[in-house]
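Heads up, the thing below is written out as structure tokens.
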Amino acid sequence: MITAGERYGRHDSGQGRPFNVEFVSANPTGPLHVGHGRQAALGDAIASLLEWTGWQVTREFYYNDAGVQIQNLALSVRARLVERATGRLEIPEGGYHGEYIREIAAAYAAACPDDAEGADLERVRAFAVQALREEQDRDLKALGVRFDVYSLESSLYAGGNVEETVAMLRRGGHTFEEGGATWLRTTDYGDDKDRVMRKSDGTYTYFVPDVAYHVTKWRRGFHHAINVQGADHHSTVVRVRAGLQALGLGIPEGYPEYQLHQMVTVMRGGDEVRISKRAGSYVTVRDLVDDVGRDAVRFFFLMRKADTPLTFDVDLARTQSEENPVYYIQMAHARLCGIFRVGEIDAGTITGDGVDFARLGEESERLLVAALLDFPRTVASAAEAREPQRLVAYLHDTARLTHNWYHRERVLEAPDGLREARLVLARAAQIVLRNGLTILGISAPERM
RNA sequence: GCCCCUGUAGCUCAGAUGGAUAGAGCAGCGGUUUCCUAAACCGUUGGCCGCGUGUUCGAGUCACGCCAGGGGCACCA
């Protein structure tokens, strides 16, 4: 434990094989909301857990920048441009009402004075998408989440992947024509009804580029992949997998994995904060980070398993007291640091050599030692199940045992021999708490 | 109607590959402070694990059926 240090808890079950973790993947049609925040925290923690179990992880973000939603975005911005020019506002059907649309329109008008009413819709679209991607990048940065790869739906059309996928599906014999549309017989793969892949107007439904996208993932060597999404996308799971099966490329039935999470509600002052993208009332990821801090945001998003609806209690998250679990865990770590600080001991020099661990006989220290030894198993289990909340629960438990021990037993003032053994225990607990928090993307402060 | 998720202490939730008296936090009650951070700790009250049947030596965990709540069921994404 001591000699492994910051590597304590790692495994090599992944054996360096590539693993693609796709998460957030928000359409560039607005700022990131709390649901994306949960995905960001979950996806990043799962990615980290996989790294700790020996996988070579790529964090990937997929932009749906080619569909109807983007068209609506462009039309919404144009509507605001027209409003600026004429004073008349007509937001189109399915359009976006948020205040940020107005801001994008203002920026567009400033950048492109020759097109103040947005006559060049393609130009408006590109501008708005770019602006919102930058906006989302700032949100992700506030959370401390980084991606290795950004994939664009539009590039799948431009690169011919969509056409190629459709051609392969047709060759595979699982398609048929009806009502002027082309259908994929997804019922051959467990769907409850067949799905349109090419609409009668000649455009493709969303899941076709999705299938094409996953073909590119597979071909890039990612034979292991997981997508973290909201449970409202659960109907896509069967379709995408069905499409991949129908291609006959030898892709396994369960590819890709999905980790779907339930809804997030935000409580503030005892009331639920209503979220309505349409009406423009909005709790963004950045609002939350500004309010309660990055560590608390990440922790609260990770403390429940994905299958459970999450209530984000803003008042609790910003409380700096015993009630707030994230402070409780960080405090346990800071306390241990405090021992070394007060004792003027460099924790890094602790080796455990020549120490008689049999002297750690108190109940509180035996329990703590047992918990620390359990850390690698917890990491492995959380990684295997793709469930970071197991690690959260473990850390809370270990923090409790740490506080308990700290209050019952003295370290610096213990007799010779026992003192050295307890310093090793303090060091080991410090390592485990810090490693655990690091996996979750939460800081481990040395003092608070 | 079909699909997915959930149902465990008063409340919010944990309970890996089935395994011994089912755990935590909060709330409640009772304590602890000349002490490495009281931003804390200790003790204690409180559970037909939604209901039923089945598989098993053994079920909170697996299967099936009910009941209740949430979400999803487009030639939208």
Side-chain angles (χ1 to χ4, degrees), chain A residues 25-27 29 64-72 93-94 153 178-183 190-210 229-239 258 260-263 265 267 303-311 313 316 319-328 330-332 334-345 364 374 377-387 389-394 396-397 399-414 419 422-423 426 447-448:
Chain A
S25 293
N27 294 350
T29 56
N64 289 106
D65 64 341
V68 177
Q69 311 274 9
I70 300 299
Q71 187 69 8
N72 288 338
E93 184 79 13
E153 182 188 6
E178 189 178 300
T182 305
W183 298 64
D191 205 350
D192 54 349
K193 57 194 217 185
D194 296 324
R195 306 291 170 176
V196 170
M197 46 185 269
R198 185 174 180 276
K199 295 183 261 184
S200 52
D201 67 2
T203 62
Y204 296 106
T205 54
Y206 73 95
F207 88 92
V208 177
D210 242 23
Q229 299 179 346
D232 54 338
H233 287 73
H234 98 265
S235 59
T236 72
V237 175
V238 171
R239 288 177 220 179
Y258 282 86
L260 304 180
H261 68 82
Q262 297 293 319
M263 297 293 102
T265 54
M267 295 285 290
M303 65 196 292
R304 302 283 177 248
K305 66 180 166 192
D307 287 337
T308 305
L310 177 81
T311 302
D313 185 336
L316 176 60
T319 303
Q320 303 199 357
S321 79
E322 61 192 78
E323 298 162 41
N324 187 343
V326 64
Y327 280 90
Y328 183 79
Q330 288 179 318
M331 188 63 202
R335 282 222 148 108
L336 297 168
C337 295
I339 292 173
F340 294 107
R341 189 166 54 244
V342 170
E344 296 184 342
I345 297 162
S364 65
D374 206 35
R377 189 201 65 113
T378 302
V379 172
S381 149
E384 211 166 309
R386 328 305 188 205
E387 292 186 351
Q389 94 282 348
R390 293 187 190 186
L391 182 53
V392 173
Y394 168 86
H396 193 265
D397 203 47
R400 199 184 86 254
L401 294 171
T402 299
H403 286 303
N404 190 333
W405 172 65
Y406 175 94
H407 277 271
R408 282 169 180 260
E409 312 301 337
R410 308 275 84 196
V411 174
L412 296 175
E413 298 149 26
R419 177 177 187 268
R422 285 184 174 163
L423 280 170
R447 61 203 314 168
M448 298 181 70

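Per chain, numbering begins at 1; letters A, B, ... match sequence-line order. Hydrogens, waters and symmetry mates are skipped; everything else that's a heavy atom, side chains included, is used.
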Using a heavy-atom cut-off of under 4.0 Å over every strand shown, decide if [X] touches base, sugar-phosphate, or nothing.
X	value
A/Glu384	nothing
A/Asp307	sugar-phosphate
A/Arg447	base
A/His403	sugar-phosphate
A/Ala181	base
A/Ser200	base

Side chain of [X] only, please: which of [options] is the nearest?
X	options	value
A/Thr308	B/C75, B/A38, B/A14	B/A14
A/Arg390	B/G71, B/C75, B/G15	B/G15
A/Asn64	B/U37, B/C5, B/A77	B/A77
A/Ser235	B/A38, B/G72, B/C42	B/G72

Legend entry - Side-chain donor/acceptor contact of A/Arg400 with base of B/A24 under 3.5 Å: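 Looking at the base of B/A24, it does not pair with any donor or acceptor on the side chain of A/Arg400 (distance under 3.5 Å).
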Inset, instruction - For RNA chain B, just give me the dot-bracket, please: Watson-Crick or G-U, both distances below 3.5 Å, ( ) intra-strand, [ ] crossing earlier pairs, | paired with another strand, . unpaired. - result: (((((((..((((.....[...)))).(((((.......))))).....(((((..]....))))))))))))....
Inset, instruction - Check whether any side-chain N or O of A/Asn404 sits under 4.0 Å from OP1 or OP2 of B/C42, and answer yes or no. - result: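 For A/Asn404, the contact criterion (side-chain N or O under 4.0 Å from OP1 or OP2 of B/C42) is met.
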Legend entry - Within residues 338-345 of chain A: residues closer than 4.0 Å to RNA chain B (heavy atoms):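 Heavy-atom contacts with RNA chain B come from A/Gly338, A/Ile339, A/Val342.
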Show me, pair by pair, the donor-acceptor contacts under 3.5 angstrom made by side chains of residues 334-345 of chain A, not counting sequence neighbours?
{"from": "A/Arg335", "atom 1": "NH1", "to": "A/His403", "atom 2": "ND1", "distance (Å)": "2.9"}
{"from": "A/Arg341", "atom 1": "NH1", "to": "A/Glu446", "atom 2": "O", "distance (Å)": "3.2"}

